[in-house]
Amino acid sequence: MFQGKIIRFNNERGFGFINNGEEDIFFFADSVLNREDFFIKPGLDVEFEIAPGFKGPQAINITILDPEQNEESAE
């Protein structure tokens, strides 16, 4: 699993990009496993896998990390 941050998301078209600290990786909103629990927007931390896409690497099996859980685990 990789970790990164959503840097861009086009809600009308249903795709965006995640930066993992090295590169920007394309993703489709349908690849976000817990999208019903969160509004997909830039700035969210995510975990994901990478698979080959039509034009390069693509993020799949994306999970948005709950910011409240991250704060609790940091304490």
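- Here the straight-line distance linking atom CE of M1 with atom CD1 of I50 works out to 11.5 Å at 0.5 Å rounding.
- Rounding to the nearest 0.5 Å places OG1 of T63 at 4.5 Å from CG of L33.
- With a 6.0 Å radius and a threshold of 12 heavy atoms from other residues, nucleotides or ligands, F2 has its CZ atom at or below the threshold.
- Taking every heavy atom of both residues into account, P42 and F9 meet most closely at CG-N, 4.3 Å.
- Rounded to the nearest 0.5 angstrom, E47 CD and I18 CD1 are separated by 11.0 Å.
- Just one of V32, I62, D45, I40 meets the side-chain contact (heavy atoms from CB on, under 4.5 Å) condition when paired with I6; it is I40.
- For the side chain to side chain donor-acceptor pair (under 3.5 Å) condition, the pairs that include at least one residue of residues 52-61, sequence neighbours left out, are E49-N61.
- Applying the side chain to side chain donor-acceptor pair (under 3.5 Å) test to pairs two or more places apart or on separate chains, those with a residue in residues 15-29 are N19-D24.
- Pairing each heavy atom of K5 with each of V46, the nearest pair is N-CG2, 4.4 Å.
- For F28 and F15, the ring centers are positioned 6.0 Å apart or more.
- Cluster annotation: I7 is not connected to L44 through the hydrophobic network of ILVMFWY side chains, with a link wherever side-chain heavy atoms come within less than 4.5 Å.
- Considering all non-hydrogen atoms of both residues, A59 and I25 come closest at N-CG2, 3.4 Å.
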